[in-house]
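All values reported here derive from a predicted model rather than from experimental measurement. Residues take their numbers from the sequence shown, with the count starting at 1.
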Amino acid sequence: MAIVDLYNMKGQKIGEQELSDEIFNIEPNLDVMWRYIDYQLSRRRAGTASTKTRAEVSGGGRKPWPQKHTGRARHGSIRSPIWRHGGVAHGPKPRDWSKKLPKKMKRLAIKSALSQRFREGNLIVLDDIKFDEPKTKNMRQVLSDLQLTGKKVLFVLPWKRTEYENVRLACRNISGVKAIIADNTGASQSGEVRIDGLNVYDIVNHEKLVLTKDMVAKIEEVLK
């Protein structure tokens with residue numbers, strides 16, 4: 001079993017936390033991680049960019065001037081792409097950018113990202129973290145105690161919005177710090193068991209990954 005130090009909110013070591021080798025200590029598969037990030041970012045694209053072709057712009061019902069004897073170049077329509085206010089050639093049209101990725105690859109990608117952070121020594125486990133008020137100064141104090149000030153930090157918290165919403169709100173005004181309240185949705189219609197919110201892009205995009213002890217247990221329960 002992989003082992004990391006367990007800290008409280010004040011940055012004090014209060015014990016050790018065992019991690020499943022099947023999830024937090026596998027050989028990271030960088031190719032699958034890239035595929036997951038490509039899949040994830042592709043699904044974010046709206047796909048609403050659109051331009052009008054020469055068949056869709058107005059005007060151009062007649063030839064702008066005679067074919068010959070004017071001394072000017074030949075033109076058949078003012079809707080041609082080379083004319084101002086003409087149609088656009090090969091421009092974007094609404095499309096669906098989303099891609100598909102097998103469930104096993106998604107699981108492997110998340111395990112690889114978690115394992116990468118563990119092997120780098122950038123995985124931190126807290127006993128718990130809760131605030132009475134959504135104050136930015138509270139989060140700044142926690143970051144200072146954990147020696148994470150000035151670093152890109154991702155907090156992944158269990159789905160208890162009434163308990164952890166203040167923590168999420170306290171992160172919003174700190175550049176590079178993000179908190180995810182992950183939801184264990186169980187099995188979806190496709191049969192996929194997932195933790196909504198936990199994703200490879202955010203893990204890779206932040207230098208430090210902070211999990212609570214309960215979140216570690218939930219990740220191991222779902223990904224096993």
Side-chain angles (χ1 to χ4, degrees), residues 1-4 17-49 92 94-126 129 148 151-161 164 167-168 171-172 174-224:
M1 293 283 281
I3 297 178
V4 294
Q17 175 70 38
E18 292 186 350
L19 304 175
S20 171
D21 287 332
E22 300 175 21
I23 298 171
F24 291 94
N25 198 20
I26 67 171
E27 183 66 32
N29 190 318
L30 301 183
D31 175 67
V32 173
M33 289 170 62
W34 180 90
R35 290 173 184 270
Y36 189 106
I37 292 173
D38 181 53
Y39 152 84
Q40 185 178 344
L41 296 184
S42 295
R43 290 173 62 90
R44 290 185 182 182
R45 299 185 66 170
T48 55
R95 58 172 291 184
D96 181 9
W97 286 96
S98 64
K99 300 180 180 180
K100 294 183 179 180
L101 198 68
K103 290 180 290 185
K104 289 185 178 180
M105 291 183 71
K106 292 179 184 177
R107 285 173 175 264
L108 178 58
I110 293 178
K111 291 179 181 179
S112 296
L114 294 171
S115 298
Q116 183 78 12
R117 286 291 171 259
F118 168 72
R119 294 189 172 199
E120 294 169 347
N122 289 328
L123 174 62
I124 299 170
V125 180
L126 297 181
I129 176 171
L148 298 177
K151 298 181 180 179
K152 296 190 71 174
V153 185
L154 177 67
F155 289 84
V156 183
L157 309 170
W159 180 257
K160 297 177 181 177
R161 183 165 293 275
Y164 295 104
V167 179
R168 187 185 70 82
C171 292
R172 293 189 303 175
I174 305 177
S175 177
V177 179
K178 181 176 181 179
I180 294 174
I181 300 180
D183 178 16
N184 174 25
T185 60
S188 64
Q189 292 181 353
S190 63
E192 175 188 0
V193 178
R194 63 183 188 270
I195 303 176
D196 283 355
L198 184 65
N199 64 89
V200 174
Y201 177 75
D202 278 332
I203 295 175
V204 171
N205 195 39
H206 292 80
E207 179 185 357
K208 297 287 186 177
L209 174 63
V210 181
L211 305 175
T212 65
K213 184 170 62 174
D214 290 343
M215 196 66 234
V216 170
K218 180 59 67 176
I219 290 173
E220 293 181 348
E221 174 188 345
V222 174
L223 293 184
K224 277 185 179 180

Against Val210, only a single residue in Asn122, Val177, Leu126 fulfils side chain to side chain contact (heavy atoms under 4.5 Å, CB included); can you say which? Leu126
Side-chain polar contacts of residues 27-35 - donor-acceptor pairs under 3.5 angstrom, sequence neighbours left out - could you list them?
residue : atom : partner : partner atom : Å
Glu27   : OE1  : Arg119  : NH1          : 3.0
Asn29   : OD1  : Asp31   : N            : 3.2
Asn29   : OD1  : Val32   : N            : 3.0
Asp31   : OD2  : Arg35   : NE           : 2.9

Evaluate the side-chain proximity of Phe24 to Val216: yes if any heavy-atom separation is below 4.5 Å, no if none is. yes
Please find the pair of heavy atoms, one from Lys111 and one from Ile26, that lie closest to each other, and give the distance. CB-CD1, 3.7 Å
Is any side-chain heavy atom of Leu123 less than 4.5 Å from a side-chain heavy atom of Leu19? yes
Is any side-chain heavy atom of Lys99 less than 4.5 Å from a side-chain heavy atom of Asp38? yes
Can you confirm whether Tyr39 sits close enough to Lys106 that some side-chain heavy atom of one is under 4.5 Å from a side-chain heavy atom of the other? yes
How far apart are the closest heavy atoms of Asn205 and Lys152, and which atoms are they? O-NZ, 3.0 Å
Side-chain (Arg168) to main-chain (Ile181) donor-acceptor, under 3.5 angstrom: no
Checking Arg43 now: which residues fulfil side chain to side chain donor-acceptor pair (under 3.5 Å) with it, not counting sequence neighbours? none
Point-to-point distance, once rounded to the nearest 0.5 Å, from OH of Tyr201 to CG of Leu41: 6.0 Å
Quiz question: by atom type and distance under 3.5 Å, do the side chains of Asp214 and Thr212 form a donor-acceptor pair? no
Between Gln40 and Val200 the two heavy atoms that sit nearest each other are OE1-N, 3.9 Å
Test item: Leu148 and Ile124 side chains (from C-beta on) under 4.5 Å apart, heavy atoms: yes
Tell me if a side-chain donor or acceptor on Asn199 pairs with a main-chain N or O of Gly197 at a distance below 3.5 Å. yes
Can you tell me if Glu120 has over 12 outside heavy atoms packed within less than 6.0 Å of its CD? yes
Got a sec, which residues hit side chain to side chain donor-acceptor pair (under 3.5 Å) with Gln17, two or more places apart in sequence or on another chain? none
Rounded to the nearest 0.5 Å, the CZ atom of Phe155 sits from the CD1 atom of Ile129 at a distance of 5.0 Å
Which value, rounded to the nearest 0.5 Å, describes the distance between Ile37 atom CD1 and Asp202 atom CG? 10.0 Å
How many angstroms lie between atom CG of Leu157 and atom NZ of Lys218, to the nearest 0.5 angstrom? 14.0 Å
Look only at the side chain of Arg172 and the backbone of Ala179, and say whether a donor-acceptor pair between them is shorter than 3.5 Å. no
Any side-chain to backbone donor/acceptor pair from Asp21 onto Ala2? Under 3.5 Å, distance only. yes
Could you tell me which non-hydrogen atom of Glu220 sits nearest to which non-hydrogen atom of Ser20, and how far apart they are? OE2-N, 2.8 Å
Are the side chains of Lys178 and Leu154 in contact, using a 4.5 Å heavy-atom criterion? yes
Student check: side-chain heavy atoms of Leu114 and Leu223 closer than 4.5 Å: yes
Value for CG (Leu101) from CG (Leu108), rounded to nearest 0.5 Å, stands at 10.0 Å
Once you round to the nearest 0.5 Å, how far does CD1 of Ile219 lie from CD1 of Ile110? 8.5 Å
Do Leu209 and Val156 have side chains that get closer than 4.5 Å, going by heavy atoms? yes
